[in-house]
Amino acid sequence: MSHAVIEVEDLGKRYGGRPVLDGVSFTVAEGEIFGILGPNGAGKTTAVECVEGLRVPDTGTVRVLGMDPHAQGDRLRERIGVQLQETGLPGSIRVGEALELYSSFYREPRDLPGLLADWGLEDKRNVRYSKLSGGWRQRVHIALALVGRPRVAFLDELTTGLDPQARRDTWRLIRRVRESGVTVVLVSHFMDEVEELCDRVTVLDGGRVRATGTPAELIARVGGEHRMSFRPVDDLDPSLLTSLPGVTGVERDGRRVVVTGAGDFATAVTAALARDHVLVAELRIDRRTLDDAYPALTGRPLEV
């Protein structure tokens with residue numbers, strides 16, 4: 001793993017005597033998309049705002065690019081980009097005006113024509129913010145977070161309220177941010193989003209870290225069996241599959257064959273079918289997801 005650009009150790013924060021963060025620790029490696037996953041009220045935004053220097057933790061330590069976000073906030077803000085959960089701009093401001101305003105906050109900002117071109121905003125430069133769709137607004141917010149040439153970008157609940165196509169378009173933009181050399185911290189309560197985008201993820205619930213790892217590692221903690229099913233075009237002898245590594249059962253469901261197993265059993269099944277020239281249709285593999293893993297990691301379903 002690359003060296004850590006964010007180090008959070010035993011972070012604690014209380015509001016009115018109630019703990020919002022309780023001993024939160026995690027690290028973020030340079031160049032990764034790191035997800036912070038949890039329901040509303042889990043402490044995600046509070047944790048990230050402490051890391052950004054927008055809030056002061058009661059206990060614990062935070063280092064971002066080797067700096068204390070509170071004590072060295074002015075220096076740090078030159079090196080990070082932030083898209084807050086509740087980001088809003090005046091409805092009458094034009095896209096170009098917003099970028100020029102944010103550009104004025106930095107000593108060495110991106111050149112605006114290049115930034116507009118990178119994010120497909122050239123034709124929107126003179127469009128008022130109130131006239132933009134949700135997807136275009138998020139594109140503007142990403143551009144604003146990158147105007148200062150940051151090394152780390154914080155994107156908080158970026159796709160909330162977007163339609164499915166706009167969400168997927170935004171996912172592509174987030175990948176582009178990382179491809180440009182920027183480390184991304186993505187805060188989300190959408191498990192499919194975190195699973196799709198993140199190299200690693202920490203799961204927060206009730207102000208505590210419940211698990212940290214790659215999406216695949218977290219899913220693997222669920223254990224249990226997986227299923228695959230298909231319809232053989234010709235007759236199939238079930239004994240062809242029952243002795244394969246990882247296969248625990250083979251059943252008929254009408255014209256379909258349902259195979260249960262653990263580990264990488266699906267690869268063994270498809271290889272055996274190909275080796276014996278068995279043609280199949282309607283192949284489906286039901287794999288575990290973070291939706292399955294979350295209750296096992298936290299003891300309760302995700303409530304957004």
Side-chain angles (χ1 to χ4, degrees), residues 1-8 27-36 48-55 62-89 93-127 129 132 135-159 169-188 197-200:
M1 182 184 294
S2 302
H3 76 275
V5 295
I6 297 175
E7 298 170 282
V8 177
T27 62
V28 179
E30 184 175 24
E32 73 177 340
I33 300 178
F34 184 85
I36 300 179
V48 170
E49 289 180 347
C50 288
V51 175
E52 296 164 345
L54 298 176
R55 294 185 186 273
V62 180
R63 289 292 180 271
V64 182
L65 301 172
M67 290 177 275
D68 181 324
H70 180 60
Q72 300 168 283
D74 289 343
R75 285 182 58 202
L76 181 61
R77 279 187 284 275
E78 287 280 339
R79 294 167 174 81
I80 65 173
V82 176
Q83 185 266 329
L84 299 173
Q85 182 176 3
E86 298 294 336
T87 299
L89 293 170
I93 197 170
R94 301 178 191 274
V95 170
E97 293 171 340
L99 287 167
E100 288 171 1
L101 174 63
Y102 275 60
S103 178
S104 70
F105 302 155
Y106 299 93
R107 286 176 292 183
E108 297 181 8
R110 282 285 311 273
D111 67 290
L112 294 190
L115 189 63
L116 288 162
D118 283 351
W119 298 100
L121 293 167
E122 295 157 301
D123 292 342
K124 305 293 184 182
R125 181 166 192 159
N126 294 315
V127 176
Y129 183 77
L132 297 173
W136 281 109
R137 289 186 182 187
Q138 295 301 57
R139 192 176 289 244
V140 170
H141 295 159
I142 292 174
L144 293 173
L146 299 179
V147 72
R149 302 179 186 269
R151 287 183 57 190
V152 182
F154 296 88
L155 307 177
D156 194 346
E157 300 289 6
L158 194 64
T159 63
D169 290 343
T170 303
W171 290 357
R172 284 192 287 271
L173 297 178
I174 294 169
R175 292 191 187 96
R176 283 184 55 197
V177 173
R178 193 259 295 277
E179 290 165 3
S180 70
V182 178
T183 301
V184 176
V185 176
L186 180 68
V187 181
S188 180
L197 294 174
C198 295
D199 301 297
R200 290 189 307 126

>> So, using side chain to side chain donor-acceptor pair (under 3.5 Å) as the criterion, who are the partners of Glu30 when residues are at least two apart?
In response: His3

> Who pairs with Leu101 by side-chain contact (heavy atoms from CB on, under 4.5 Å), at least two apart in sequence or on another chain?
Replying inline: Ser104, Phe105

> Rounded to the nearest 0.5 Å, what separation is found between the CG atom of Leu76 and the CZ atom of Arg63?
Replying inline: 11.0 Å

Result block: side-chain N/O donor-acceptor pairs under 3.5 angstrom for residues 112-124, not counting sequence neighbours:
unit_1: Asp118; atom_1: OD2; unit_2: Arg110; atom_2: NH1; d: 3.4
unit_1: Asp118; atom_1: OD2; unit_2: Arg110; atom_2: NH2; d: 2.8

> With sequence neighbours left out, what residues match Glu100 under salt bridge (Lys or Arg N to Asp or Glu O under 4.0 Å)?
Replying inline: Arg125

> Looking only at heavy atoms, what is the nearest atom pair of Ala145 and Gln83, with distance?
Replying inline: CB-N, 4.4 Å

> Are Ile6 and Val51 side-chain neighbours, meaning at least one heavy-atom pair lies under 4.5 Å?
Replying inline: yes

> By side chain to side chain donor-acceptor pair (under 3.5 Å), which residues pair with Ser188, not counting sequence neighbours?
Replying inline: Glu193

>> Holding to salt bridge (Lys or Arg N to Asp or Glu O under 4.0 Å), I want the full list of residues that pass it with Glu52, two or more places apart in sequence or in another chain.
In response: none

> Where do Ala29 and Thr183 come nearest, in terms of heavy atoms and distance?
Replying inline: O-CG2, 3.6 Å

> Is there a side-chain contact between Glu97 and Leu89 (heavy atoms, below 4.5 Å)?
Replying inline: no

> Which atom names give the shortest non-hydrogen contact between Ala153 and Leu146, and what distance separates them?
Replying inline: CB-CD2, 4.4 Å

> Within the side chain of Arg139, is there an N or O that forms a donor-acceptor pair under 3.5 Å with the backbone of Leu173?
Replying inline: no

> How would you list, by chain and number, every residue that makes a side-chain contact (heavy atoms from CB on, under 4.5 Å) with Pro109, sequence neighbours excluded?
Replying inline: Ser103, Tyr106

> So which heavy atom on Thr27 is nearest to which on Ala4, and how close?
Replying inline: CB-CB, 4.4 Å

>> Applying side-chain hydrogen bond (donor to acceptor under 3.5 Å, both in side chains) as the test, list every pair that has at least one member in residues 64-75; sequence neighbours left out.
In response: Asp74-Arg77

> Who passes salt bridge (Lys or Arg N to Asp or Glu O under 4.0 Å) against Glu78, sequence neighbours left out?
Replying inline: Arg107

> Does the pair Glu49/Arg55 count as a salt bridge with the N-to-O cut at 4.0 Å?
Replying inline: yes

>> If the condition is side chain to side chain donor-acceptor pair (under 3.5 Å), which residues does Asp199 pass it with, not counting sequence neighbours?
In response: Arg178

> Who passes salt bridge (Lys or Arg N to Asp or Glu O under 4.0 Å) against Arg149, sequence neighbours left out?
Replying inline: none

>> Return the CG to CD1 distance between Leu65 and Ile80, rounded to the nearest 0.5 Å.
In response: 8.0 Å

> If you look at every heavy atom in Ile174 and Leu155, which pair is closest and at what distance?
Replying inline: CG1-CD1, 4.0 Å

> Residues two or more places apart in sequence or in another chain: which of them pass side-chain contact (heavy atoms from CB on, under 4.5 Å) with Arg175?
Replying inline: Trp171, Arg172, Glu179, Glu196, Leu197

